[in-house]
Amino acid sequence: MKDFLTKKKNALLIAIIFVVLAAVYNLVLFLSAKEDVRTDAFWTAYAFIWVAFLGIIGSFFYVAADIKGAKLSVSFINVLVSLIYFAIEFIASVVIMAVKTDNYVPALVVQIILFAAYVVVFIVFAVAKNYNEAHFRENDEAVGYIKKLSSTINVCYSIEKDYELKEKIRKLYDLCRTSAPAVNADVEELEEIILAEAEKLKNMVLSDAKDQIEEQIENITNLMAARNSQV
């Protein structure tokens, strides 16, 4: 289902399918339900089954609206929640309609409780989706920093010819590569400084400034130690 819905038109088509099902449901219901069945409780159940239908249709439109290109960022749990609510609502509505009572208050109370529970659960998962998206985005950025820094140090290692300096650059590369990504903003300024110093090291290696390379390696190592202590 998730792969199928990675195209916006497929999500919209499913929404249209449920619109057709809603129309068929109405046709069958009113052809089979006699006048004595159409009590106040009946109309209460009927109104809320429509709410459940609209919840499903809306959730698929929500999927379609959240699709960016070929990627899907929407939580499919929200669609599942709508489907579960519809199933429960359908059973409750059938029972209420079968009772044939004009006292709609108990039916209304039950329906309001079910609807409130649906809305709360839907919102909770929608908020959780947004939190997860932000967390994954921050984590990708943090991992990207480690990759960028390691790549710069690796260039230095590839270029340097002196064995002793090359070995020290390798150790620095291992330190950078194995450092944990930082998902907080406390070390952002320090990370920018480290990247700038790594670029300086690369320029030193390219210009073969051997008298400065060793000192710069030690400088970056100390900065990385300070950075890692805050992660």
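Residues: numbered from 1 along the sequence shown.
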* Step-by-step side-chain contact (heavy atoms from CB on, under 4.5 Å) determination, Ile169 to Lys166 -> CA-CA 5 Å; Ile169 294 173; Lys166 196 176 184 73; 5.7 Å; no

* Asked: What pairs meet the side chain to side chain donor-acceptor pair (under 3.5 Å) rule with one or both residues in residues 204-215, with sequence neighbours excluded?
  ->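 Counting only pairs at least two positions apart or across chains, the side chain to side chain donor-acceptor pair (under 3.5 Å) contacts touching residues 204-215 are Glu160-Lys210, Lys168-Glu214, Asp208-Lys210.
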
* Return the set of residues passing side chain to side chain donor-acceptor pair (under 3.5 Å) with Trp50 (not counting sequence neighbours), or none when no residue passes. =>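 Trp50: side chain to side chain donor-acceptor pair (under 3.5 Å) contacts with Asn26, Tyr46.
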
* Partner set under side chain to side chain donor-acceptor pair (under 3.5 Å) for Asp40, not counting sequence neighbours ->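 Asp40 satisfies side chain to side chain donor-acceptor pair (under 3.5 Å) with no other residue.
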
* Does Ala226 offer a backbone N or O that forms a donor-acceptor pair with the side chain of Ser229 under 3.5 Å? ->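 Yes; judged by distance alone, with no hydrogens or angles, the pair exists.
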
* To do: Keeping the roles fixed (side chain from Tyr173, backbone from Tyr157), state whether a donor-acceptor pair exists under 3.5 Å.
  =>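 No.
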
Looking only at non-hydrogen atoms, find the nearest pair between [X] and [Y] and report the distance.
X	Y	result
Ile217	Leu165	CD1-O, 4.2 Å
Ala198	Leu149	CB-CD1, 3.7 Å
Leu223	Ile193	CD1-CG2, 4.1 Å
Arg227	Val187	O-CG1, 4.0 Å

* **Qualifying residues under salt bridge (Lys or Arg N to Asp or Glu O under 4.0 Å), relative to Lys202, sequence neighbours excluded** =>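 Salt bridge (Lys or Arg N to Asp or Glu O under 4.0 Å) list for Lys202, sorted by chain: Glu199.
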
* To do: Mind checking salt bridge (Lys or Arg N to Asp or Glu O under 4.0 Å) for Arg170 and listing every partner two or more places apart, or none if nothing turns up?
  =>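 For Arg170, the residues satisfying salt bridge (Lys or Arg N to Asp or Glu O under 4.0 Å) (neighbours in sequence not counted) are Glu167, Asp174.
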
Spacing of [atom1] belonging to [X] relative to [atom2] belonging to [Y], to within rounding of 0.5 Å:
X	Y	atom1	atom2	value
Ile146	Glu191	CD1	CD	6.5 Å
Ser179	Met224	OG	CE	3.0 Å
Cys156	Leu172	SG	CG	8.0 Å
Ile17	Ile57	CD1	CD1	11.0 Å
Asn228	Gln230	CG	CD	9.5 Å
Leu206	Leu201	CG	CG	9.5 Å

Side chains of [X] and [Y]: does their closest heavy-atom pair fall under 4.5 Å?
X	Y	answer
Leu114	Phe48	no
Ile213	Asp162	no
Phe122	Ser82	yes
Thr39	Phe42	yes

* Same cluster (ILVMFWY, side-chain, under 4.5 Å), Val105 and Phe115 ->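 Linked within one cluster.
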
* Does Val99 belong to the same Ile/Leu/Val/Met/Phe/Trp/Tyr cluster as Tyr104, with side-chain heavy atoms less than 4.5 Å apart forming each link? ->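 In one cluster with Val99: Tyr104, no.
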
Review item, side-chain donor-acceptor pairs of residues 84-98, under 3.5 Å, at least two apart:
| unit_1 | atom_1 | unit_2 | atom_2 | d |
| --- | --- | --- | --- | --- |
| Glu89 | OE2 | Ser93 | OG | 2.8 |
| Glu89 | OE2 | Gln111 | NE2 | 2.9 |
| Ser93 | OG | Ala45 | O | 3.4 |
| Ser93 | OG | Glu89 | O | 2.8 |

